[in-house]
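Note sheet for the following structure.
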Amino acid sequence: MRTMAEVTRQGELIAGQGLTLHYGGQAVIDGVDLAIEGGEIVTLIGPNGAGKTTLVKLLLGLVAPDGGRVVRRPGLRVGYLPQRLQVDPVLPLDVSRLLTLTHRASRAAQQQALAEVGVAHLLHAPVQGLSGGELQRVLLARALLADPDLLVLDEPTQGVDFNGQAELYRLIAGLRQHRGCGVLMVSHDLVMVMAATDRVFCLNHHVCCHGAPESVRRHPEYLALFGPRVADELAVYAHHHDHAHDLTGAVAADEHEAG
């Protein structure tokens, strides 16, 4: 097993080593090794119930493993976008209040984070009135307020239409490039996520396969889970999605108009 010094020397932000967790006598996570370096996007994919969100909780220290361990770079700052956020429709909650529910942030910092994800105009908007894409961007801005070394995004395109998903993945890639942070994503959007990540871990309680998207989509265990038709669709999308979308999901006339 790598020590903390070895993790730091190798440039890894966080590493899970032999992680195992049981629920009701069943292995939900079984001997998983996974590491994320600064400046890379790593995506967890797999069928429903494969343990993707549970693995994220283990890495973040929200759940203790039955076996294995997690090593984090000292002082690691994490920004987290949860899988689901349900807000009572009668709760008087605006975006500014949502951004500061768990930690303080100045009005200027809130405005800057919202501007970075393209929704600066929503600072005082009621959360209940946001579209799916707007809410995910607001939650992403909330994660950025932590000035993270590592962004952890659990289904970041949930509730967003197909075109809007493509633009959100483009935004995440831009944040990685601009901030230099690592990104760990959980996604079921197989068609698009393969074009938006550096490495893929295919999980079904254990790591079925991992590596660059092109190698994973042809791996026998990946094909056994998702089928060759999905692999062919991924290849078409990765090679032909050469345009951007604006916040409404429409194709932008120029790349710089999408935001």
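These numbers were taken from a predicted model, which means no experiment stands behind them. The first residue of the sequence shown is numbered 1, and numbering continues consecutively from there.
The line from CG of Leu145 to OG1 of Thr100 is 9.0 Å long, rounded to the nearest 0.5 Å. One finds the CG atom of Leu19 at 7.5 Å from the CG atom of Asp33 (value rounded to the nearest 0.5 Å). Annotation: the span from Thr157 atom OG1 to Leu171 atom CG amounts to 12.0 Å, rounded to 0.5 Å. Note that CG of Leu13 is 10.5 Å distant from CZ of Arg77, once rounded to the nearest 0.5 Å. Rounded to the nearest 0.5 angstrom, Leu135 CG and Leu98 CG are separated by 7.5 Å. Taking CG of Leu81 as the start and CG of Asp154 as the end, the distance is 8.0 Å to the nearest 0.5 Å.
When all heavy atoms are compared, the tightest approach of Gly79 to Ala146 is CA-CB, 4.4 Å. Closest of all the heavy-atom pairs between Gly61 and Arg72 is N-NH2, 3.0 Å. Across all non-hydrogen atoms, the minimal contact from Ala143 to Leu151 is CB-CD2, 3.8 Å. Closest approach of Gly25 and His22 over heavy atoms only: O-CD2, 4.3 Å.
Evaluated for a side-chain contact (heavy atoms from CB on, under 4.5 Å) with Leu184, the options Leu153, Leu44, Ile14 yield exactly one hit, Leu44.
Residues passing the side chain to side chain donor-acceptor pair (under 3.5 Å) test with Ser215: none are found, sequence neighbours excluded. Shown here are the side-chain contact (heavy atoms from CB on, under 4.5 Å) partners of Glu221, two or more places apart in sequence or in another chain: His206, Cys208, His219. The side chain to side chain donor-acceptor pair (under 3.5 Å) search around Asn204 returns none, not counting sequence neighbours. Scanning for side-chain contact (heavy atoms from CB on, under 4.5 Å) contacts around His124 gives Asp94, Arg107, with sequence neighbours left out. When the side-chain contact (heavy atoms from CB on, under 4.5 Å) test is applied to Thr102, the partners found at least two apart in sequence or on another chain are Arg142. Residues satisfying the ring pair (Phe, Tyr, Trp, His ring centres under 6.0 Å) test with Tyr80, not counting sequence neighbours, are none. Residues passing the side-chain contact (heavy atoms from CB on, under 4.5 Å) test with Glu134 are Leu122, Leu130, Ser131, sequence neighbours excluded. Arg97 meets the salt bridge (charged side-chain N to carboxylate O under 4.0 Å, His left out) test with no other residue; sequence neighbours excluded.
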Under 3.5 Å, which donor-acceptor pairs link side chains of residues 110-119 to any protein atom two or more places apart or in another chain?
unit_1, atom_1, unit_2, atom_2, d
Gln110, OE1, Ser96, OG, 2.6
Gln110, NE2, Ala105, O, 3.0
Gln111, NE2, Ala120, O, 2.8
Glu116, OE1, Arg179, NH2, 2.9
Glu116, OE2, Arg179, NE, 2.9

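A donor-acceptor distance shorter than 3.5 angstrom exists from the side chain of Gln136 to the backbone of Pro156, with no hydrogens or angles considered. One N or O on the side chain of Ser106 and one on the backbone of Ala109 form a donor-acceptor pair closer than 3.5 Å.
Listed by first and then second residue, the salt bridge (Lys or Arg N to Asp or Glu O under 4.0 Å) pairs that reach into residues 195-208 are Glu40-Arg199, Arg176-Asp198, sequence neighbours excluded. Annotation: salt bridge (Lys or Arg N to Asp or Glu O under 4.0 Å) contacts involving residues 48-63, sequence neighbours excluded, are absent. Among residues at least two apart or in separate chains, there is no salt bridge (Lys or Arg N to Asp or Glu O under 4.0 Å) pair with a member in residues 15-30.
In this structure, Leu140 and Leu175 have side chains that are in contact, with non-hydrogen atoms separated by less than 4.5 Å. Contact of the Thr43 side chain with the Phe201 side chain is not registered, since no non-hydrogen atoms from C-beta on lie closer than 4.5 Å. Put simply, the side chain of His210 does not reach to within 4.5 Å of the side chain of Val200, judged on heavy atoms. The closest side-chain heavy-atom distance from Val56 to Val186 is below 4.5 Å. A 4.5 Å side-chain heavy-atom check between Ile172 and Met185 finds at least one atom pair inside the cut-off.
Side chain to side chain, Ser187 and Tyr169 meet the donor-acceptor criterion of an N or O pair below 3.5 Å. Between the side chains of Thr20 and Asp66, not a single donor N or O lies within less than 3.5 Å of an accepting N or O.
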field: side-chain contact (heavy atoms from CB on, under 4.5 Å) between Thr54 and Val63, worked out
entry: CA-CA 8 Å; Thr54 299; Val63 176; 5.7 Å; no
message: Between Leu60 and Leu58, is the side-chain contact (heavy atoms from CB on, under 4.5 Å) condition met? List the steps.
response: CA-CA 5 Å; Leu60 294 181; Leu58 288 171; over 6 Å; no
